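Model, not experiment: these values are computed from the prediction. By convention in this document, chain letters (A, B, ...) are assigned in the order of the sequence lines, proteins followed by strands, and residues within each chain are numbered from 1. Quick note: numbers below take in every heavy atom, side chains included, and nothing from hydrogens, waters or symmetry partners.
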Amino acid sequence: DVKVTQSSRYLVKRTGEKVFLECVQDMDHENMFWYRQDPGLGLRLIYFSYDVKMKEKGDIPEGYSVSREKKERFSLILESASTNQTSMYLCASTLDNSNQPQHFGDGTRLSIL
Amino acid sequence: RKEVEQDPGPFNVPEGATVAFNCTYSNSASQSFFWYRQDCRKEPKLLMSVYSSGNEDGRFTAQLNRASQYISLLIRDSKLSDSATYLCVVGTGGGNKLTFGTGTQLKVEL
């Protein structure tokens with residue numbers, strides 16, 4: 001079974017802080033994704049990565065950056081957290097580019113005060 | 001127009017009922033199709049992939065109509081444990097980039 005692990009289930013940070021969300025997958029998947037999910041808006045793609053040190057902007061990259069130094073780890077960074085970044089953040093991975101489904105981590109509920 | 005559209009519901013059905021959800025997508029170049037299930041405050045989990053010829057997994061049947069650009073999910077003999085939000089998911093282009101619908105909420109009642 002694929003295991004995608006996110007570092008925190010719940011996180012509370014203050015406005016202006018730099019926030020790191022970590023995601024690790026154990027199945028040697030090539031592709032990794034970061035989404036946020038908000039009521040009525042569904043899942044929206046922030047950034048994704050096809051390979052180590054490679055990143056692509058998703059639909060809503062503003063205010064975020066990512067890092068993929070190792071294949072198994074994909075980090076999401078909020079450079080200067082703002083209250084409108086309070087959300088549920090979900091990491092996902094997929095084996096490669098062959099139209100496979102994505103597997104999700106448990107999610108991180110982030111509150112910015 | 002949203003790329004993937006679903007009726008948000010909720011669909012309230014009695015246990016044992018048959019219920020169907022539809023979903024439409026806008027990009028005719030879409031190549032992969034899935035239904036995910038999401039329980040309250042949990043992550044989405046893959047329910048089933050959707051194939052061109054239609055496919056069945058136990059009580060669940062998925063259909064794809066490429067000409068009309070819609071996907072359906074049929075749940076037979078609903079159980080209380082089927083209560084969840086069902087997400088229609090469409091993949092377009094390379095890289096396994098997926099677009100998610102906002103979900104249809106199902107409540108199965110005694």
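- The shortest distance between side-chain heavy atoms of B:Leu74 and B:Thr18 falls below 4.5 Å.
- For A:Thr108 (side chain) and A:Tyr89 (main-chain N/O), no donor-acceptor pair under 3.5 Å exists by modelled atom type.
- Only the side chain of B:Tyr36 comes within contact range of chain A, judged by heavy atoms closer than 4.5 Å.
- Taking CD of B:Glu109 as the start and OG of B:Ser78 as the end, the distance is 11.0 Å to the nearest 0.5 Å.
- The aromatic rings of B:Tyr86 and B:Phe21 lie tilted to each other, with the angle between the two planes from 30° to 60°.
- Both the backbone and the side chain of B:Leu98 come within less than 4.5 Å of a heavy atom of chain A.
- In this structure, chain B has a heavy atom under 4.5 Å from the side chain of A:Gln37, while its backbone stays farther away.
- Neither the backbone nor the side chain of A:Arg44 comes within contact range of chain B, judged by heavy atoms closer than 4.5 Å.
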